[in-house]
Every structure is written in structure tokens, then in C-alpha cells.
Amino acid sequence: MTEANTVNRPRGEGNPAQARTDVAASQGGLVTPKGTTSIDSGVVAKIAGLSAREVNGVYNMGVGTARALGAVRGIVGGDKSTATQGVSVEVGERQAAVDLDLVVEYGVAIPDLAASVRRNVITGVERMTGLEVTEVNIKVDDVHLPDDKDGSEKQDQPEQEPRVQ
């Protein structure tokens with residue numbers, strides 16, 4: 001076999017044993033001679049969501065309606081798992097792509113936060129799954145203000161006297 005034939009041959013063709021070894025090495029052990037490991041998109045979404053929430057400056061995740069529905073579910077005793085709220089993923093055989101919807105704390109530099117979230121999500125997903133993360137798209141949906149406490153604290157505080165008479 002000449003070098004030209006080897007270079008022009010698409011990956012996976014040729015010697016079957018060699019192709020299987022190449023695939024196993026690129027997938028971090030997801031395909032081995034003893035079997036195949038597949039990872040569900042829900043698993044990748046949970047890992048990505050938890051990894052994003054670990055970064056200081058991320059207040060919450062999800063668009064407004066998803067956050068509201070999650071709060072209602074929590075009140076009525078439904079599913080309290082919000083690990084995948086604000087996360088959507090596409091998972092292939094060897095790669096994954098992640099989309100995140102974030103609510104950030106007021107005062108945090110959004111480009112720096114996005115870089116930290118992106119790095120943490122890529123590290124977490126690749127380390128735990130062996131999948132290559134091709135992209136992490138981040139959409140900032142809202143900014144949490146320090147006075148924003150869902151309105152509950154304002155109701156509990158006694159009314160203050162007027163400052164002027």
C-alpha cells in the first residue's frame with residue numbers, strides 16, 4: 001500500500017481491526033472490541049446544566065416561562081429536578097453540542113462569565129462522557145438584580161415610616 005492510498009482513504013475503511021481501534025481511541029472508550037457505550041442526551045444535558053450552575057455569576061437557567069413553570073412545579077410537589085432547565089443538547093456518536101439559556105447576576109462581566117461557563121461545561125461533559133464537545137452556545141436571557149427576591153421579602157418586612165412629613 002502506498003502512502004497516497006493511506007492519505008486519501010476515508011477514516012474507517014481498510015483494515016477493519018485498525019478502523020475499530022481508531023474509532024475507540026477518538027471516542028474515549030465508547031466503542032471497544034467488547035461492546036459499545038451510548039450516552040443519552042438527557043445525561044449530557046444534566047452534566048452541562050450542573051457544570052454551568054457551578055460558575056459564580058450564574059443566577060438561574062432557562063427562559064422566563066420555563067423558570068415560572070419550574071417554580072410552580074416545585075410548589076405543587078412535582079419534579080424538583082431543574083438540572084436540565086435552560087439546557088438543550090444534540091448528541092451524536094462521538095460529539096455533542098450544547099445550548100444554554102442563562103440568567104446572570106448583576107455586575108458580572110458577561111463575556112468573562114460566558115467564557116468560564118463554556119470552559120466548565122466542555123470540561124465536565126468531555127471528562128464524564130468521553131464525547132467531544134463541538135460548541136457551547138450561550139444566550140443570556142436576563143440579569144438578576146440584587147433587589148429581585150421574587151417579591152417575597154418585601155411582603156414580610158414591616159412597612160417603614162415615611163422619610164418626610
Side-chain angles (χ1 to χ4, degrees), residues 11-12 22-32 35-160 163:
R11 185 178 194 155
D22 289 346
V23 172
S26 70
Q27 289 185 357
L30 294 177
V31 177
T32 67
T36 302
T37 302
S38 61
I39 299 172
D40 189 67
S41 61
V43 173
V44 176
K46 280 185 182 180
I47 295 167
L50 293 172
S51 297
R53 283 179 173 82
E54 289 175 351
V55 178
N56 287 333
V58 174
Y59 178 74
N60 206 343
M61 294 180 64
V63 293
T65 53
R67 291 192 316 265
L69 287 173
V72 169
R73 249 183 281 136
I75 290 171
V76 296
D79 181 31
K80 295 183 183 187
S81 172
T82 59
T84 60
Q85 181 177 305
V87 181
S88 65
V89 300
E90 290 181 40
V91 178
E93 291 180 14
R94 289 171 271 168
Q95 297 178 326
V98 180
D99 295 324
L100 302 171
D101 290 311
L102 302 180
V103 177
V104 301
E105 294 280 354
Y106 175 78
V108 175
I110 294 174
D112 296 340
L113 177 69
S116 296
V117 167
R118 191 171 284 116
R119 183 173 44 252
N120 212 40
V121 168
I122 290 170
T123 300
V125 171
E126 287 183 349
R127 180 180 53 81
M128 290 186 70
T129 65
L131 295 168
E132 175 194 1
V133 178
T134 58
E135 62 183 18
V136 177
N137 299 310
I138 297 172
K139 179 180 175 191
V140 177
D141 292 314
D142 201 359
V143 175
H144 176 260
L145 302 175
D147 294 349
D148 253 354
K149 305 268 189 209
D150 300 328
S152 59
E153 283 191 14
K154 291 182 181 180
Q155 294 171 355
D156 294 339
Q157 295 176 350
E159 199 164 319
Q160 296 179 351
R163 292 178 24 178

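- A side-chain donor-acceptor contact under 3.5 Å links Thr32 to the backbone of Gly35.
- In this structure, Val89 and Ala45 approach most closely via the heavy-atom pair CG1-CA, 3.9 Å.
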Would you give me the side-chain donor-acceptor pairs under 3.5 Å for residues 47-56, sequence neighbours excluded?
from	atom 1	to	atom 2	distance (Å)
Ser51	OG	Ile47	O	2.8
Arg53	NH1	Gly49	O	3.4
Arg53	NH1	Thr82	O	3.4
Arg53	NH1	Ala83	O	3.2
Arg53	NH2	Thr82	O	2.8
Glu54	OE1	Asn120	ND2	3.1

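- Closest of all the heavy-atom pairs between Thr134 and Ala97 is OG1-CB, 3.8 Å.
- How far OG1 of Thr123 is from CE of Met128: 12.5 Å, rounded to the nearest 0.5 Å.
- Asn60 has its side chain out of reach of His144: every pair of non-hydrogen atoms, C-beta onward, lies at least 4.5 Å apart.
- Once rounded to the nearest 0.5 Å, the distance linking CG of Leu102 with CG of Asp142 reads 11.0 Å.
- Here the CZ atom belonging to Arg94 is positioned 10.5 Å from the CG atom belonging to Leu131, to the nearest 0.5 angstrom.
- The CG atom of Leu113 sits 7.0 Å away from the CD1 atom of Ile138 when rounded to the nearest 0.5 Å.
- With sequence neighbours left out, the side chain to side chain donor-acceptor pair (under 3.5 Å) criterion links Gln95 to Glu132.
- Remark: Ser88 engages Asp99 in a side-chain contact (heavy atoms from CB on, under 4.5 Å) (not counting sequence neighbours).
- When all heavy atoms of Tyr106 and Leu145 are compared, the closest pair comes out as CD1-CD2, 4.0 Å.
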